[in-house]
Amino acid sequence: MSAESKYCQCQETQNHFLQRAFEALQLEAAQRELLLTAFRETSVSIPLKPHRTGDDDGELRTFIGYRVQHNHARGPFKGGLRFHPSVNLGEIRALAQLMTWKTALVDIPFGGAKGGIAVDTTQLSPHALETLTKRFVQKMEPVLGVHQDIPAPDVGTNPQVMAWILEEYSKSHGYTPAIVTGKPLELGGSAGRLEATGHGVAFLAGKAAQDIELAIKDASVVIQGFGNVGFHTAQHLATMGAKIIALSDARSGVFCESGINIEQAQRHVADSGWLEDLPGTEPVSNAELLELACDILIPAAVEGTINCDNAEAIQARLVVEAANIPVTHLADTTLRERGITVVPDLLANVGGVLVSYYEWVQNLQEFPWEYDTVMQRLERRLDQVYEQVRDLAQQRSVDLRTAAYEIAIGRVNRAIALRGF
Ligand code: GLU
């Protein structure tokens with residue numbers, strides 16, 4: 001799918017979900033317009049001469065970097081930084097908006113933002129990637145800040161990239177760990193942040209399974225995407241007793257009816273780079289994987305993977321959106337009509353930004369928390385948020401997504417009114 005059509009699709013999907021909630025909340029046109037409009041959109045050019053082995057011996061290329069700051073009524077802008085070839089302003093805009101609803105839903109004092117660079121990181125040397133990241137920070141520096149905008153990892157970025165952001169920002173501001181979350185532990189990162197998103201996805205899958213009377217023990221699970229989120233989701237679900245029958249990465253998938261050993265899969269990927277040829281599994285394409293018979297399907301890759309082409313063929317009873325915007329609005333309607341429960345992205349993967357908040361708090365207090373404290377707080381908060389969303393959904397006879405949006409939009413709206421935007 002081209003970057004452009006994906007961009008149209010994810011913005012359209014996001015708008016559609018919002019309009020449904022706006023209707024339910026009976027918001028006036030002027031309020032809708034304010035909530036839909038980004039506060040600030042910054043795009044910068046980053047010239048570089050990248051080469052696989054260095055950053056100054058290749059052909060000159062100009063990369064484009066973005067930071068969209070959607071809303072800060074409830075606190076500083078917060079959201080990840082994505083390095084991927086398909087990054088474009090429309091996609092970042094939709095994802096920035098989603099962060100506003102996520103932080104509001106989980107009730108942490110942040111707004112929403114997202115950034116990114118359109119780049120294929122596999123074509124860059126580590127040194128070129130470091131230079132690209134640091135130049136991005138140099139150019140974005142005026143709009144970032146501990147109480148203004150705090151980036152974090154997303155698709156294609158990791159704790160190392162966050163460390164480079166910390167270093168570049170600290171050059172002009174003094175040592176500032178709270179400028180970014182998802183950092184390495186050695187630089188003020190939080191215990192539990194790396195696994196937070198996946199752990200939360202698995203925990204919420206367990207809660208939702210209970211509600212549809214599906215035993216998580218021995219439930220068959222299919223996960224699309226085996227990056228940080230997919231891996232930790234799989235690992236935690238396996239410890240909860242679920243059976244991971246299929247996994248995939250950007251290239252292809254693997255299937256094993258009796259269950260895949262996640263640690264073995266991780267070792268195989270570390271050694272060979274891909275899931276392909278994982279011993280004891282059969283190959284399956286990414287498209288086939290989504291349509292496998294299973295109890296729980298977890299899209300943990302990119303936007304729009306469940307769409308009009310496959311929504312009718314999904315066989316799972318429960319879909320848990322580990323990725324952002326993985327189900328298009330038309331597919332969402334199909335799944336609902338077919339009686340499939342969907343735990344929406346703004347709820348399902350909110351554990352990541354929740355622990356980012358804990359990391360920021362620890363940095364401001366200069367007082368690290370223990371792993372168990374972080375995980376207990378994460379689970380307790382997710383438990384409360386899930387029940388609040390589920391109860392509202394039942395009370396109003398709406399789906400979990402509409403209920404989650406209603407809570408989030410209500411909070412942002414009240415903050416806007418109180419502050420007098
Ligand atoms: N990129 C993650 C997300 O989409 C985490 C954002 C953050 O921690 O600020 O939620």
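As the structure lists them, so they are numbered: ligands from 1, and atoms in each ligand from 1. What you see is a predicted model, and the numbers here were worked out from it, not measured in a lab.
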Ligand 1 contacted by Lys114 (non-hydrogen, < 4.0 Å)
yes
Residue that, paired with Asp345, satisfies side-chain contact (heavy atoms from CB on, under 4.5 Å) out of Asn324, Val350, Val327:
Asn324
State the atoms of ligand 1, each with its element, that fall below the 4.0 Å cut-off from a heavy-atom position in Met99.
3 (C), 4 (O), 6 (C), 10 (O)
With atom 8 (O) of ligand 1 as the reference point, say which of Gly79, Ser356, Gly112 has the nearest heavy atom.
Ser356
Tell me whether Arg377 forms a cation-pi arrangement with Trp369, defined as NZ or CZ under 6.0 Å from the six-membered ring centre and within 45 degrees of its axis.
yes
Mind checking whether Asn324 contacts ligand 1 via backbone (N, CA, C, O), side chain (CB onward), both or neither, at a 4.0 Å heavy-atom cut-off?
side chain
Judged on heavy-atom distance to atom 2 (C) of ligand 1, which of Gly351, Pro153, Gly352 sits nearest?
Pro153
With a 4.0 Å cut-off on heavy atoms, is Arg193 touching ligand 1?
yes
Which residues satisfy the ring-ring contact (aromatic ring centres under 6.0 Å, His included) test with His329, sequence neighbours excluded?
His16
Show every ring pair (Phe, Tyr, Trp, His ring centres under 6.0 Å) that has at least one partner inside residues 380-403, sequence neighbours left out.
none
Note: Glu263-Arg267 ion pair, threshold 4.0 Å (strictly below):
no
Tell me whether the rings of Phe77 and His72 are parallel (<30°), tilted (30 to 60°) or perpendicular (>60°).
parallel
Number the atoms of ligand 1 from 1 as they appear, then name those within less than 4.0 Å of a heavy atom of Asp154, with their elements.
1 (N), 2 (C), 4 (O)
Could an N or O of ligand 1 be found under 3.5 Å from any N or O of Lys102, whether backbone or side chain?
yes
